[in-house]
Amino acid sequence: MQKINHLRNIAIIAHVDHGKTTIVDSMLKQAGIYRQNEQIVEQVMDSNALERERGITILAKNTAISYKDFRINIVDTPGHADFGGEVERVLKMVDGVLLVVDSYDGPMPQTRFVLRKALEMGLIPIVCINKIDRPDARPIEVVDMVLELFIELGADDNQLDFPIIYSSGKAGVACKDLSEYTPGNELNFTALLDTIIEHMPCPVGDTELPLQILVSNIDSDPYIGRIAIGRIVRGTITQGKGVAVCGYDDNTVKAARISKLLRFQGLGKQEIESASVGEIVCIAGIPEINIGDTVCDPNNPEPLEFVNIDEPTISMTFSVNNSPFAGKEGKFVTSRHLRDRLFKEMETNVSMRLEETDTTESFIVKGRGELHLSILIETMRREGYEFQVSKPRVILKEIDGVLSEPVETLLVDVPEDYVGAVIEKLGRRKAEMLNMLPPEKGYTRMEFKVPSRGIIGYRTEFLTDTKGNGIMNSVICGFEPYAGEIETRSQGVLVAFESGEAMTYGLYNAQERGFLLIGAGTHVYEGMIVGLSPKGEDITVNVCKKKHVTNMRASGSDDAQRLVPPVNYSLEQCLEFVGDDELCEVTPKTIRLRKQILSNDMRMKVRSKKNS
């Protein structure tokens with residue numbers, strides 16, 4: 001076995017918003033990948049349009065830097081629990097992790113999840129206490145909290161002996177001792193890069209044995225096609241040589257030839273002739289390769305074991321749009337288009353599952369959470385797809401003959417004034433309080449265990465109850481016996497009585513019954529949801545009603561009718577709000593809520609049958 005001393009492979013893991021991508025920015029700057037006069041983009045690794053808009057990392061991405069005589073492969077990972085599958089699969093590519101923790105927040109739910117996965121795989125950690133320039137930073141306390149978390153998760157002696165770096169990714173400074181961080185003291189990011197070289201183990205393997213590469217990611221290029229990204233576990237790979245591809249799902253072996261061999265360098269890729277053990281490479285020329293497949297020597301095809309990805313917990317039904325406005329705004333509207341796109345998504349999104357139903361027009365998509373599925377919906381919407389989705393439902397399963405449901409650990413930070421309201425609402429949703437810390441700077445931190453069903457639809461309510469000042473984070477912590485019925489929505493809806501164009505006169509009368517979701521001039525159809533009712537029942541309203549024109553005038557009654565501005569729901573808010581008997585219609589231009597049964601008469605008949 002040989003040690004590849006000049007190489008280091010590291011993944012950056014953390015809870016959302018703890019500064020992973022900003023730290024990668026500072027590492028790239030320190031390694032000198034930018035020209036002197038180059039305009040630098042912040043969070044350069046978040047290259048996806050959705051990532052930039054939301055300020056989050058959705059997909060794991062690779063980069064590499066050269067520092068001193070070493071080459072460091074870096075993998076930037078997402079921080080949201082919903083994208084945990086991205087983290088799980090890329091950990092197979094690295095030898096160690098950089099655990100980033102906010103200097104005020106300390107370890108959060110997703111910190112625990114990603115660290116547990118890294119420790120189970122035997123990876124060596126480096127702890128980075130980030131954002132030390134925050135006015136409320138408490139790095140010494142946070143270090144103690146991190147150590148407690150390591151002990152709680154069963155880290156071995158080698159993993160417990162982790163080095164600590166204090167940094168500010170935004171300012172581009174890092175130090176090994178907090179006393180070095182003083183105003184006026186010129187610091188840079190070399191302390192972190194030096195620590196990675198000193199403490200991170202180098203890859204070990206045999207370059208003479210037959211080739212084995214485990215594919216952990218898939219990319220595409222308009223010129224060279226599908227690109228497989230993976231780490232060379234043993235042997236050497238050469239451009240133009242023939243290889244065998246062992247399938248992850250079907251155990252098949254296919255012959256292929258490598259047309260291009262690349263590796264990461266800075267923000268791009270560079271073509272290379274060959275690479276050996278430990279290197280993370282990009283392979284082009286194999287059109288049907290998938291995540292989990294193994295690229296082997298054609299004379300010795302031995303597949304490698306892929307990481308077990310945690311099961312999905314939430315499902316939604318995606319179906320062809322059958323509303324009266326179907327096909328007016330979308331480019332891809334048929335069941336064939338929808339099916340092909342969803343199957344294509346399954347190839348790269350390893351934590352998502354797809355099930356076909358009895359009909360050819362609907363499909364059940366399973367994911368890790370509402371955000372996981374809403375990102376897919378938003379991506380498809382922007383690509384020109386038109387479809388409709390049902391309410392998110394948790395996936396129940398039987399464990400030892402007992403019906404069980406997913407349960408989440410929920411961490412909330414709320415101003416002291418709103419603690420009572422939050423506890424009351426979560427109590428109704430079958431939440432159990434585990435811990436409550438004394439207030440710090442006006443905020444109280446509470447930890448709950450709550451069924452996943454209880455969190456669906458709660459985020460908007462939570463922000464309303466806390467006047468937008470509350471912060472909530474959750475992560476799946478296992479399955480527990482079914483907790484019984486949970487009332488998640490107390491509001492009813494205003495439903496359009498007929499198809500047509502919404503008029504000011506009709507809307508003016510409708511707004512007395514609740515809050516409107518549409519404005520004047522909006523085209524509606526029978527069964528479309530046009531507003532919210534504070535009562536718990538649905539109300540049918542005629543928003544297309546016009547005022548009868550006469551030549552009679554009455555003093556005061558003909559004044560301009562003022563409409564309250566409509567409530568504009570985002571996609572996530574629509575998915576949280578939609579009820580069991582409702583659908584969310586998604587098109588490239590519009591998101592509408594509607595009843596599953598559009599006819600008012602049919603809905604009344606169904607309701608009377610249920611009541612009888």
Side-chain angles (χ1 to χ4, degrees), residues 10-24 26-27 77 79 87 96-120 122-183 185 187-201 409 411 413 434-435 437-441 443-445 447 471 473 475:
I10 186 166
I12 302 182
I13 59 172
H15 185 79
V16 64
D17 281 340
H18 280 198
K20 299 178 296 300
T21 307
T22 316
I23 280 180
V24 176
S26 293
M27 292 169 82
T77 64
V87 184
V97 293
L98 178 68
L99 178 71
V100 181
V101 185
D102 188 290
S103 63
Y104 172 72
D105 287 343
M108 297 289 276
Q110 183 67 358
T111 313
R112 175 187 294 272
F113 172 80
V114 292
L115 181 59
R116 189 181 80 240
K117 292 289 179 187
L119 295 178
E120 283 172 0
L123 300 176
I124 302 298
I126 294 173
V127 173
C128 177
I129 309 298
N130 195 30
K131 304 187 184 181
I132 55 171
D133 51 350
R134 280 182 68 156
D136 51 3
R138 44 175 190 155
I140 304 303
E141 288 176 56
V142 168
V143 169
D144 292 339
M145 292 160 74
V146 171
L147 184 58
E148 284 175 20
L149 179 62
F150 269 80
I151 294 167
E152 190 183 325
L153 293 175
D156 60 35
D157 293 344
N158 198 19
Q159 291 169 330
L160 277 171
D161 188 22
F162 54 81
I164 301 167
I165 294 292
Y166 303 93
S167 74
S168 166
K170 196 171 183 182
V173 296
C175 54
K176 295 182 181 180
D177 192 334
L178 208 52
S179 59
E180 296 174 35
Y181 183 69
T182 52
N185 187 10
L187 289 170
N188 53 27
F189 234 63
T190 53
L192 177 59
L193 297 176
D194 289 336
T195 305
I196 289 172
I197 288 165
E198 289 166 25
H199 291 88
M200 199 55 57
T409 300
L411 208 64
D413 290 302
L434 302 176
N435 195 10
L437 300 177
E440 265 190 56
K441 300 192 175 174
Y443 275 75
T444 301
R445 176 168 288 185
E447 189 177 348
I471 302 165
N473 292 286
V475 67

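As the structure is a computational prediction, the values presented were derived from the model and not from experiment.
Smallest separation of non-hydrogen atoms from K131 and D17: NZ-O, 2.6 Å. When all heavy atoms of D105 and M145 are compared, the pair lying nearest together is O-CE, 4.3 Å. Closest approach of F189 to V173, counting heavy atoms only: CE1-O, 3.4 Å. The shortest heavy-atom contact between A14 and V114 is N-CG2, 4.1 Å. Shown here for I165 and A174, the closest heavy-atom pair between the two residues is CG2-CB, 4.1 Å. The two atoms that bring I196 and I126 nearest to each other are CA-CD1, 3.8 Å, heavy atoms only.
S168 places no side-chain N or O within 3.5 Å of a backbone atom of I132 that could act as its donor or acceptor partner. With hydrogens and angles disregarded, no donor-acceptor distance shorter than 3.5 Å links the side chain of E120 to the backbone of K117. No side-chain donor-acceptor contact under 3.5 Å links H18 to the backbone of V101. Between the side chain of Q159 and the backbone N or O of L123 there is at least one donor-acceptor pair closer than 3.5 Å. Remark: side-chain polar atoms of S26 are paired, donor with acceptor, to backbone N or O of G169 under 3.5 angstrom. Side chain of R445 to main chain of N435: no donor-acceptor pair is present (N/O by atom type, distance under 3.5 Å, no hydrogens or angles).
Contact of the L98 side chain with the I23 side chain is registered, since non-hydrogen atoms from C-beta on lie closer than 4.5 Å. Between V127 and F150 there is a side-chain heavy-atom pair separated by less than 4.5 Å. Looking at D156 and L119, their side chains never come closer than 4.5 Å, going by heavy atoms from C-beta outward.
Considering OG1 of T77 and CD of Q110, their distance stands at 8.5 Å, rounded to 0.5 Å. Between the CD1 atom of I12 and the NZ atom of K20 there is a distance of 9.0 Å, given to the nearest 0.5 Å. The distance from the CG atom of D177 to the CD1 atom of I164 is 10.5 Å, given to the nearest 0.5 Å. Distance check: L99 CG to T111 OG1 gives 6.5 Å after rounding to the nearest 0.5 Å. Taking CD1 from I124 and CD1 from I10, the interatomic distance works out to 11.0 Å, rounded to the nearest 0.5 Å. Between the CG atom of D102 and the CZ atom of R138 there is a distance of 9.0 Å, given to the nearest 0.5 Å.
With S167 as the fixed residue, the side chain to side chain donor-acceptor pair (under 3.5 Å) test singles out one of D133, N130, T22: N130.
A distance of 6.0 Å or more separates the ring centres of Y166 and Y181.
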**Asked** What do the steps show when you test H15 against N473 for side-chain hydrogen bond (donor to acceptor under 3.5 Å, both in side chains), and what is the final call?
**Response** CA-CA 9 Å; H15 185 79; N473 292 286; 3.0 Å; yes
**Prompt:** side-chain contact (heavy atoms from CB on, under 4.5 Å) between L147 and L160: does it pass, once the steps are laid out?
**Reply:** CA-CA 8 Å; L147 184 58; L160 277 171; 4.1 Å; yes
**Request:** Evaluate the criterion side-chain contact (heavy atoms from CB on, under 4.5 Å) for residue pair M108 and L411; output intermediate values, then yes/no.
**Result:** CA-CA 8 Å; M108 297 289 276; L411 208 64; 3.6 Å; yes
**Request:** Quick one: do T409 and R112 satisfy side-chain contact (heavy atoms from CB on, under 4.5 Å)? Show the steps, please.
**Result:** CA-CA 11 Å; T409 300; R112 175 187 294 272; over 6 Å; no
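Using a 4.0 Å cut-off between a side-chain N of Lys or Arg and a carboxylate O of Asp or Glu, K176 and D194 do not qualify as a salt bridge.
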